[in-house]
Amino acid sequence: PNFGDYGGQYVPEALHACLRELEDAFEDAIADPSFWDEFHSLYDYIGRPSSLHEAERLTEYAGGAKIWLKREDLNHTGSHKINNALAQVLIAKRLGKKNIIAETGAGQHGVATATACAKFGMTCTVYMGAEDVRRQALNVFRMRILGANVIAVQNGTKTLRDATSEAFRSWVTNLKTTYYVVGSAIGPHPYPTLVRTFQSVIGQEIKEQFKKKNNGKLPDLIVACVGGGSNSTGTFSPFENDASVKLLGCEAGGSGIHSNYHSATLTVGEPGVFHGVKTYVLQSEDGQVHDTHSVSAGLDYPGVGPELASWKDNGRVQFIAVTDEQALEGFRLLSQYEGIIPALESSHAVYGAVEAARKMPKDKNIVITVSGRGDKDVQSVAEVLPKL
Ligand SMILES: Cc1ncc(COP(=O)(O)O)c(/C=N/[C@H](C(=O)O)[C@@H](O)C(C)C)c1O
């Protein structure tokens, strides 16, 4: 296990050699200054550092703590996913692997991976649940225009869990030439560590930018949404040892955690093994993994990263479930009070942060990681727009 009781590699023997090769390549890369030089040379392409600024009208609306926004939605391709996709494609290049595969749910990771492959001249195959292909059509067009082959996965619930299973199956049959770019802090070791490492540019920048703007002070609370766990572990890990900084992860509460329609894995799940790793899973007593639901495809997943599982158990991070309706309120609030249309995933964090701000004094500060932009979601939100 890599994070308390969680992590590990619960995979068929066939994958062990490849995961060992990946772990060695990852350790070599992060110890190699030329790897970081190459990653940093992409900052102009990505648009890093992403900005950190106050949300004055949202702060006024909440009536309590001052709210700040970390704008990962301004990155190239529209979310934090580009940080991890580019870094993993650089590792694939160091391994001499030219064929890239990926899974995607919201399509943001798929677009980020297709973008990285176009940039570095690699083939790209993205596995995507057929239901997600329908509800994130804009991103499917973008992936195809970027040169990727998008495979609609028809089995199971036709969402992210089925796409991920299909991607692993495909990887096992082409280990020699293919590199699997995992999109979130999930999967067998070293993926959760690798993805968190590359996404921690988010938290590192927040720390530098916030201290610079606040005479060396740290924020009092940082809020991020939780799907597989990449933007949250990337945001939180640089603050893990700053006890004064509270950390809040917002999961998908769907139609409510007492309904069968949610993805609140850490709030109501149990420890188990899923997609090759020991973590929390939404499962029945006999270990059947539940079908999940969320208005946001990116949070619609029955597993979660093992590092978040360990932070739940040791209390370092608080987790809440934000329902579809509350997320849509967050979507409206950021749009109409700050002129920023957030991804439905990020809207969960907006709602959670506004609720927290209400209960905190005005001299306190909250940072929200806005993980992505909402263009991909306007189609599905349009259906409920009159209620916004
Ligand atoms: C804008 C945006 N914000 C948050 C998330 C949640 O993913 P994490 O940050 O890995 O928890 C996502 C997740 N998107 C993935 C995707 O686009 O494929 C997701 O569906 C899977 C990679 C897990 C997202 O697109």
Side-chain angles (χ1 to χ4, degrees), residues 1-12 15 103 105 129 155-165 168 182-193 195-196 223-233 236-237 240 247-324 326-327 345 348-349 352:
N2 309 83
F3 304 103
D5 297 340
Y6 305 102
Q9 297 175 330
Y10 297 76
V11 293
L15 268 180
E103 88 291 351
N155 29 341
T157 58
K158 303 187 169 88
T159 58
L160 182 67
R161 61 178 287 193
D162 316 294
T164 305
S165 303
F168 268 113
V182 170
S184 187
I186 54 175
H189 180 71
Y191 279 114
T193 302
V195 174
R196 176 253 288 149
V223 187
C225 66
V226 175
S230 69
N231 90 91
S232 50
T233 53
F236 297 161
S237 51
E240 185 173 6
L247 305 170
L248 175 65
C250 299
E251 294 191 292
S255 309
I257 58 174
H258 302 297
S259 78
N260 286 326
Y261 293 94
H262 63 76
S263 311
T265 307
L266 288 160
T267 305
V268 296
E270 295 291 331
V273 172
F274 186 63
H275 281 160
V277 67
K278 173 96 180 294
T279 181
Y280 269 74
V281 192
L282 281 173
Q283 56 190 336
S284 59
E285 285 67 47
D286 56 356
Q288 278 303 314
V289 177
H290 280 313
D291 292 347
T292 51
H293 161 78
S294 169
V295 67
S296 63
L299 304 186
D300 189 349
Y301 182 63
V304 73
E307 189 162 30
L308 290 171
S310 73
W311 284 337
K312 174 184 170 66
D313 282 7
N314 70 15
R316 181 65 188 93
V317 179
Q318 187 200 351
F319 295 96
I320 58 170
V322 174
T323 64
D324 287 353
Q326 291 167 335
E345 293 81 8
H348 289 71

* Among all residues two or more places apart in sequence or in another chain, which pass the side chain to side chain donor-acceptor pair (under 3.5 Å) test with S294? -> S296
* Please report the closest heavy-atom contact between G187 and V277, naming both atoms and the distance. => O-CB, 3.3 Å
* Structure fact -> To the nearest 0.5 Å, atom CG of L248 lies from atom CZ of F236 at 6.5 Å
* Which residues pass the ring pair (Phe, Tyr, Trp, His ring centres under 6.0 Å) test with F3, sequence neighbours left out? -> none
* Counting distance only, does the side-chain N/O of R316 pair as donor-acceptor with the main-chain N or O of E240 below 3.5 Å? -> yes
* Asked: Do D324 side-chain atoms and V295 backbone N/O form a donor-acceptor pair below 3.5 Å?
  -> yes
* To do: Please report the closest heavy-atom contact between E270 and Q283, naming both atoms and the distance.
  => O-NE2, 3.3 Å
* Asked: How far does OG1 of T233 sit from CD1 of I186, to the nearest 0.5 angstrom?
  -> 11.0 Å
* **Distance, nearest 0.5 Å, that separates CG of L266 from CD of Q318** => 12.0 Å
* Who passes side chain to side chain donor-acceptor pair (under 3.5 Å) against H275, sequence neighbours left out? -> S165, Y301
* Side-chain heavy-atom pair P188, F168 within 4.5 angstrom cut-off -> yes
* Determine whether D313 and Y280 make a side-chain contact, defined as any pair of heavy atoms from C-beta on separated by less than 4.5 Å. => yes
* For the side chain of E307 and the backbone of Y6, is there at least one donor-acceptor N/O pair under 3.5 Å apart? -> no
* To do: Show your working on side chain to side chain contact (heavy atoms under 4.5 Å, CB included) between F319 and L308 and close with a plain yes or no.
  => CA-CA 9 Å; F319 295 96; L308 290 171; 3.9 Å; yes
* How close do P306 and G7 get, heavy atom to heavy atom, and via which atoms? -> CB-N, 3.5 Å
* Sub-4.5 Å side-chain heavy-atom contact between L299 and C225 -> yes
* State which residues pass salt bridge (Lys or Arg N to Asp or Glu O under 4.0 Å) with D291; sequence neighbours excluded, sorted by chain then number. => R161
* Structure fact -> Given the options D300, N260, T157, T292 meets side-chain hydrogen bond (donor to acceptor under 3.5 Å, both in side chains) only with D300
* To do: List for me each residue that meets salt bridge (Lys or Arg N to Asp or Glu O under 4.0 Å) alongside E345, sequence neighbours excluded, and say none if there are none.
  => K376
* 4.5 Å side-chain heavy-atom contact, W311 and S237 -> yes
* Where the side chain of T265 meets the backbone of L282, is there a donor-acceptor pair that is under 3.5 Å apart? -> no
* Atom CZ in R196, atom CG in N2: separation rounded to 0.5 Å? -> 9.5 Å
* Is there a donor-acceptor contact under 3.5 Å from the side chain of S263 to the main chain of P302? -> no
* **Heavy-atom donor-acceptor pair, Q9 side chain to H189 backbone, under 3.5 Å** => yes
* Could you walk me through whether K312 and V304 pass the side chain to side chain contact (heavy atoms under 4.5 Å, CB included) test, one step at a time? => CA-CA 11 Å; K312 174 184 170 66; V304 73; over 6 Å; no
* **Smallest separation among heavy atoms of G4 and S310, with atom names** => N-CB, 4.4 Å
* Counting only N and O atoms by type, is there a donor-acceptor contact under 3.5 Å from the side chain of S232 to the main-chain atoms of A224? -> no
When the side chains of residues 252-259 are checked against the rest of the protein, which donor-acceptor pairs come out under 3.5 Å, sequence neighbours left out?
{"from": "S259", "atom 1": "OG", "to": "G256", "atom 2": "O", "distance (Å)": "2.6"}
{"from": "S259", "atom 1": "OG", "to": "Y261", "atom 2": "N", "distance (Å)": "2.9"}
{"from": "S259", "atom 1": "OG", "to": "Y261", "atom 2": "O", "distance (Å)": "3.4"}

* Taking side chain as C-beta onward, heavy atoms only, is S184 less than 4.5 Å from V195? -> no
* **Side-chain heavy atoms of V223 within contact of C250, under 4.5 Å** => yes
* To do: Compare every heavy atom of G129 with every heavy atom of A163, then report the nearest pair and how far apart it is.
  => CB-N, 3.8 Å
* Under 3.5 Å: donor-acceptor pair, side chain of D162, backbone of T159 -> yes
